[in-house]
K.L.:
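First the structure, which I've put down as structure tokens, then a few questions once you've had a look.
Bear in mind that the values here come from a model prediction, so they are computed numbers and not experimental data.
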Amino acid sequence: MPAKAKHRRPKQHPIARRLAFAGTGGAALALPLISTTTAGAAVTQPATVASVTTLAPAATPAAEKAAVPLTYSVIGGDTLSKIAVQHSVNGGWQALYDANKSTIGGNPSLIRPGLKLSLGTAAKAAAARAKTISAEPAAPTYANNLDGWIRESLDVMAKHGIPGSYNGIHRNVMRESSGNPLAINNWDSNAAAGIPSKGLLQVIDPTFRAYHVPGTPMDSYDPVANITAACNYAAARYGSIDNVNGAY
């Protein structure tokens, strides 16, 4: 390149008392107290009770969790980190601080004895934070080869509004360095001036520094940094690396 460029069992009623007779003499009104269906239900009920009894132990952790105090009174020698560990606050001291920032103030290191801290809210805040983190898409991974370097560069370029396509970058890389990130030109006029062209897209150091893109290493031999800086330069001078088809 040129130099300018994260329960109770219900009481069962005797089934024998099925009918109650009302009135006197031979006339009587039969009133069923327990129907056949109900009696059947009474027979099967112990199985239901047994199933509930079997499931009861599963609720123990929730009961124990509910027993954890919702507030804590700060004593001498306390720190948010210590309190978070002692009370198993999800999210650590940061979540505890977030939930009590209005009480503590701007400095999480300064907590006075007697301060009432909310632990329950801290747990809710931590859970909300964890939910937010888990909802975020995983960071992309890139192969440590030319394909991966180009794709990572394109993602960096997109964040900074730098134009360019995969094909445009690949075409120029193959012409300038044949895909060798350590390529260096030691024979042209730039080399003679002490600023040889380096890397995948053969960028001289002054141009690399001038068009370096934040978020990439300040190293002209770094493949992603080299591609991104060169594309930034090409965008400024030619509109896009896609418009470069020869020495630039």
K.L.:
How long is the straight-line distance from CG of Leu117 back to CG of Leu80, given to the nearest 0.5 Å?
P.N.:
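Leu80 atom CG to Leu117 atom CG measures 6.5 Å (nearest 0.5 Å).
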K.L.:
When you check the side-chain N and O atoms of Tyr142 and Asp155, is any donor under 3.5 Å from an acceptor?
P.N.:
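Note: Tyr142 and Asp155 side chains meet the donor-acceptor criterion.
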K.L.:
Atom NE2 of His87 and atom NZ of Lys82: how far apart are they, to the nearest 0.5 Å?
P.N.:
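Result: 10.0 Å between the selected atoms.
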K.L.:
Measure the CG-CD1 distance between Asp222 and Ile227 for me, rounded to the nearest 0.5 Å.
P.N.:
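That separation rounds to 9.0 Å.
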K.L.:
Is there a path of hydrophobic side-chain contacts, each under 4.5 Å between heavy atoms of I, L, V, M, F, W or Y residues, that connects Met174 with Ile241?
P.N.:
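Same cluster.
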K.L.:
Under the 3.5 angstrom rule, does the side chain of His212 hit a backbone N or O of Pro217 as a donor-acceptor pair?
P.N.:
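Indeed, once roles are kept as given, a pair shorter than 3.5 Å links the two residues.
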K.L.:
Which residues, ordered by chain and number, are linked to Ile184 in its hydrophobic cluster, where ILVMFWY side chains connect at heavy-atom gaps below 4.5 Å, directly or through other members?
P.N.:
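Same cluster as Ile184: Leu182, Tyr221.
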K.L.:
Between Tyr166 and Arg151, does a side chain to side chain contact (heavy atoms under 4.5 Å, CB included) hold up when you go through it step by step?
P.N.:
CA-CA 7 Å; Tyr166 184 101; Arg151 293 184 187 283; 4.1 Å; yes
K.L.:
Out of Asn226, Asn190, Asp205, which residue meets the side chain to side chain donor-acceptor pair (under 3.5 Å) rule with Lys198?
P.N.:
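By the side chain to side chain donor-acceptor pair (under 3.5 Å) criterion, Lys198 pairs with just one of Asn226, Asn190, Asp205: Asp205.
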K.L.:
I need the His170 NE2 to Asp147 CG distance, nearest 0.5 Å.
P.N.:
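With rounding to 0.5 Å, NE2 (His170) is 8.0 Å from CG (Asp147).
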K.L.:
Judged by atom type as modelled, is there a donor-acceptor pair below 3.5 Å linking the side chain of Glu152 to the main-chain atoms of Pro140?
P.N.:
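Not confirmed, Glu152 side chain does not pair with Pro140 backbone.
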K.L.:
Please check if the side chain of Thr228 supplies one atom and the backbone of Ala225 the other of a donor-acceptor pair under 3.5 Å.
P.N.:
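No, Thr228 side chain to Ala225 backbone: no donor-acceptor pair under 3.5 Å.
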K.L.:
Check whether any side-chain N or O of Ser240 sits under 3.5 Å from a backbone N or O of Asn243 as a donor-acceptor pair, and report yes or no.
P.N.:
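Looks like no, no N/O pair under 3.5 Å.
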K.L.:
With side chain to side chain contact (heavy atoms under 4.5 Å, CB included) as the test, pick out the partner of Val156 among Val213, Asn232, Ile162.
P.N.:
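Answer after filtering Val213, Asn232, Ile162: Val213.
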K.L.:
When you measure from the side chain of Asn185 to the backbone N and O of Asp188, does any donor-acceptor pair fall under 3.5 Å?
P.N.:
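Checking the backbone N and O of Asp188 against the side chain of Asn185, a donor-acceptor pair under 3.5 Å is found.
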K.L.:
When you measure from the side chain of Tyr233 to the backbone of Tyr248, do you find a donor-acceptor pair of N or O atoms at a distance under 3.5 Å?
P.N.:
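Such a contact is found between Tyr233 side chain and Tyr248 backbone.
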K.L.:
Does a donor on one side chain sit under 3.5 Å from an acceptor on the other, for Trp149 and Asn144?
P.N.:
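Indeed, the side chains of Trp149 and Asn144 share at least one donor-acceptor pair under 3.5 Å.
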K.L.:
Pair Ile104, Leu110 - check side chain to side chain contact (heavy atoms under 4.5 Å, CB included), show working.
P.N.:
CA-CA 7 Å; Ile104 297 171; Leu110 297 178; 6.0 Å; no
K.L.:
How about Asp242 and Ser165: does a side-chain donor come under 3.5 Å of a side-chain acceptor?
P.N.:
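Per modelled atom types, Asp242 and Ser165 side chains form a pair under 3.5 Å.
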K.L.:
Among side-chain atoms of Asn245 and Arg171, is any donor-acceptor pair under 3.5 angstrom?
P.N.:
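Side-chain D/A pair, Asn245 to Arg171: present.
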K.L.:
Could you tell me the separation between the CD1 atom of Ile75 and the CZ atom of Arg112, rounded to the nearest 0.5 Å?
P.N.:
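It comes to 16.0 Å.
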K.L.:
If only atom types and distance count, is the side chain of Asp78 paired as donor or acceptor with the main-chain N or O of Ile83 below 3.5 Å?
P.N.:
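Between the backbone of Ile83 and the side chain of Asp78 there is no qualifying donor-acceptor contact (under 3.5 Å).
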K.L.:
With distance as the sole test, does Thr207 use its side chain to make a donor-acceptor pair with the main-chain N or O of Val203 at under 3.5 Å?
P.N.:
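Pair absent, no side-chain N/O of Thr207 close to backbone of Val203.
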K.L.:
Would you call the rings of Tyr97 and Trp93 parallel, tilted or perpendicular, where under 30° means parallel and over 60° means perpendicular?
P.N.:
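It falls in the tilted class, 30° to 60°.
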K.L.:
Any side-chain to backbone donor/acceptor pair from Asn172 onto Gly168? Under 3.5 Å, distance only.
P.N.:
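Judged by distance alone, yes, a pair lies under 3.5 Å.
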K.L.:
Kindly compute the distance separating CG (Leu146) from OG (Ser177), expressed to the nearest 0.5 Å.
P.N.:
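Reported to 0.5 Å precision, the distance equals 7.5 Å.
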